[in-house]
Amino acid sequence: MIQTLEWTDSGVRFLDQTKLPTEETYVTCTTYEQVADVIRNMVVRGAPAIGVTVAMGIALGIKNSKAQNVSELKQELDHICDAMRKTRPTAVNLFWAIRRMQDKFERARVRPIPQIKQTLIEEAQRMHAEDIAANQAMGRHGATLMPASGGVLTHCNAGALATCGYGTALGVIRAAVEQGKKIHVYADETRPFLQGARLTAWELMKDGIPTTVISDNMAGAMMKQGKIGAIVVGADRIAANGDVANKIGTYTVAVLAKEHGIPFYVAAPFSTVDMETPDGSKIPIEQRNAREVTHIGGRQMVPDGVEVENPAFDVTPAKFVTAIVTERGIARAPYGESLVKLAGAEVVSL
Ligand code: MRU
């Protein structure tokens with residue numbers, strides 16, 4: 001399995017996704033500041049991977065701490081969590097991971113400092129293992145929705161690279177292929193950062209799953225030609241009413257799917273569901289550097305001084321979403337009710 005990120009004795013090790021698909025190189029972070037940087041710079045990306053990275057960054061920062069007592073250690077924890085909060089605002093898994101590590105700290109704070117440190121390291125490692133287990137469970141649920149054969153379109157990268165392994169949307173595809181379904185993936189290239197062209201194509205080719213890369217503006221034509229039987233994407237945050245924030249361009253794909261009568265599925269762990277955000281209009285959308293739009297491969301593509309927008313995500317209203325696949329089961333409209341039901345369902349834990 002692809003090792004997107006892992007805890008090692010010398011630090012947290014990441015497959016450098018900015019170098020893929022041409023170079024497979026790794027970066028090891030030895031401080032929490034470096035971990036925050038690799039999130040910001042997209043060495044590691046994808047909502048579930050960001051969540052576990054944050055947990056490992058917190059564990060690393062606490063491990064390195066020279067605090068002499070628990071209240072000093074708590075102050076450092078707060079400082080580290082603040083640094084993590086400022087990295088990327090849309091993926092709610094980031095905030096979920098901070099809360100989980102803070103809770104763990106509170107329960108462990110009566111113990112000696114070396115034990116508190118060890119508890120946080122183990123919690124981050126548990127979150128890593130749980131993420132893979134959740135993806136495999138999601139895959140089993142979602143595979144039932146995939147066609148027996150034919151084209152399945154995906155946008156961005158919601159694969160092993162966006163998680164600790166196996167993937168969410170690509171986990172659903174992997175599970176369907178493992179069950180013998182003959183799926184051909186259409187991967188939107190995903191301008192401006194090209195996660196589809198660089199990452200989805202790379203990891204599916206490694207697995208021998210037939211894949212065709214298309215530029216984003218080809219998706220409608222592929223649907224019209226009958227090449228696409230289903231669409232499956234990931235999510236960065238799902239509001240309580242089922243509105244879905246995901247990579248910019250997802251909304252366009254969902255609207256096109258509706259026009260062509262193609263089912264549009266979202267696969268995400270329950271940690272991506274944000275029951276405290278009532279609807280998509282309240283989801284903060286990250287704005288990234290204009291250079292991602294103005295330049296391709298270091299070459300300028302637009303005239304000097306032109307205005308540029310670069311929202312990293314958009315929101316797909318729940319009315320376009322056929323079903324939401326989680327490790328706890330499949331939710332369908334009305335999502336206000338089905339997500340509440342899943343919130344009370346049994347949790348995948350190790
Ligand atoms: O900007 P990115 O690459 O972090 O955006 C990733 C996505 O939009 C994914 O689809 C989403 O995080 C789900 S990953 C399982």
Side-chain angles (χ1 to χ4, degrees), residues 2 4-5 14-18 20 38-54 87-97 131-132 134-139 142 153-174 185 187-204 216 231-238 244-254 264-274 280 283-289 292-293 310-316 321 324-327:
I2 295 163
T4 308
L5 66 142
F14 298 94
L15 174 55
D16 186 346
Q17 300 191 30
T18 63
L20 290 173
V38 297
I39 297 172
R40 248 187 307 269
N41 301 338
M42 311 266 277
V43 165
V44 63
R45 27 69 49 203
I50 290 172
V52 176
T53 297
V54 161
T87 53
R88 298 193 71 192
T90 304
V92 77
N93 311 59
L94 185 156
F95 305 94
W96 164 85
D131 183 60
I132 297 171
N135 292 337
Q136 288 167 337
M138 212 179 296
L153 185 134
T154 189
H155 190 74
C156 192
N157 171 267
L161 291 168
T163 62
C164 298
Y166 203 69
T168 59
L170 297 192
V172 167
I173 289 170
R174 282 196 168 95
V185 177
D188 280 351
E189 68 171 350
T190 319
R191 275 282 288 152
F193 210 70
L194 303 180
Q195 289 93 331
R198 295 189 302 107
L199 309 177
T200 294
W202 181 79
E203 68 166 87
L204 291 179
D216 298 342
I231 293 154
V232 60
V233 299
D236 283 81
R237 194 185 293 224
I238 300 173
V244 174
N246 191 49
K247 180 52 55 194
I248 189 75
T250 303
Y251 170 58
T252 318
V253 172
F264 178 88
Y265 301 116
V266 175
F270 212 77
S271 53
T272 303
V273 178
D274 179 7
I283 298 175
I285 301 293
E286 176 186 5
Q287 301 291 322
R288 291 190 61 86
N289 196 312
E292 289 177 358
V293 174
N310 190 13
F313 303 97
D314 59 26
V315 175
T316 298
V321 179
I324 298 174
V325 182
T326 77
E327 73 277 29

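All heavy atoms count here, side chains included; hydrogens, waters and symmetry mates do not. When a ligand or atom number is given, it counts from 1 through the structure's own listing order.
Both the backbone and the side chain of K247 come within 4.0 Å of ligand 1, counting heavy atoms alone. At a 4.0 Å heavy-atom cut-off, ligand 1 does not touch A49 at all. Within the 4.0 Å heavy-atom criterion, the part of F313 lying near ligand 1 is the side chain and not the backbone. Under 4.0 Å from ligand 1, the heavy atoms of R88 that appear belong solely to its side chain.
Taking every heavy atom of Q195 and a limit of under 4.0 angstrom, the matching atoms of ligand 1 come to 1 (O), 2 (P), 3 (O). Short contacts between ligand 1 and A162, defined as distances under 4.0 Å to a heavy atom of the residue, involve ligand atoms 14 (S), 15 (C). Close approach of ligand 1 to M42 is summarised as follows: ligand atoms under 4.0 Å from at least one heavy atom of the residue are 1 (O). Close contacts of ligand 1 with A158, meaning ligand atoms under 4.0 Å from a residue heavy atom, involve 14 (S), 15 (C). For ligand 1, the atoms sitting less than 4.0 Å from at least one non-hydrogen atom of A47 are 12 (O), 14 (S), numbered in the order shown with element in parentheses. Applying the 4.0 Å criterion to heavy atoms of P48 picks out, from ligand 1, the atoms 14 (S), 15 (C).
Atom 15 (C) of ligand 1 has T168 OG1, 3.1 Å as its closest protein atom, hydrogens excluded (heavy atom only). Scanning all protein heavy atoms for the shortest distance to atom 8 (O) of ligand 1 gives D236 OD1, 2.8 Å. Of all protein heavy atoms, the one lying nearest to atom 9 (C) of ligand 1 is N246 OD1, 3.4 Å.
With hydrogens and angles ignored, the 3.5 Å screen pairs no side-chain donor or acceptor of D16 with any backbone N or O of V43.
Within 6.0 Å of OH in Y251 there are 12 or fewer heavy atoms belonging to other residues, nucleotides or ligands.
In this structure, C156 counts as a contact residue of ligand 1, since one of its heavy atoms falls inside 4.0 Å of the ligand. Residue contact check for ligand 1: A312 places no non-hydrogen atom closer than 4.0 Å to it.
With T200 as the fixed residue, the side-chain contact (heavy atoms from CB on, under 4.5 Å) test singles out one of D188, T190, L170: L170.
With sequence neighbours left out, Q287 forms a side-chain hydrogen bond (donor to acceptor under 3.5 Å, both in side chains) with no residue at all. With sequence neighbours left out, the side-chain hydrogen bond (donor to acceptor under 3.5 Å, both in side chains) criterion links D274 to R237, T277.
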Q: I would like to know whether R174 and E203 meet side chain to side chain contact (heavy atoms under 4.5 Å, CB included); could you show each step before the answer?
A: CA-CA 11 Å; R174 282 196 168 95; E203 68 166 87; 2.8 Å; yes
Q | Step-by-step side chain to side chain contact (heavy atoms under 4.5 Å, CB included) determination, N246 to T316 | A | CA-CA 8 Å; N246 191 49; T316 298; over 6 Å; no
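Within the model, atoms CZ of R88 and CG of L94 stand 9.5 Å from one another, a figure rounded to the nearest 0.5 Å. Atom-to-atom distance recorded for L20:CG and R198:CZ is 7.0 Å, nearest 0.5 angstrom.
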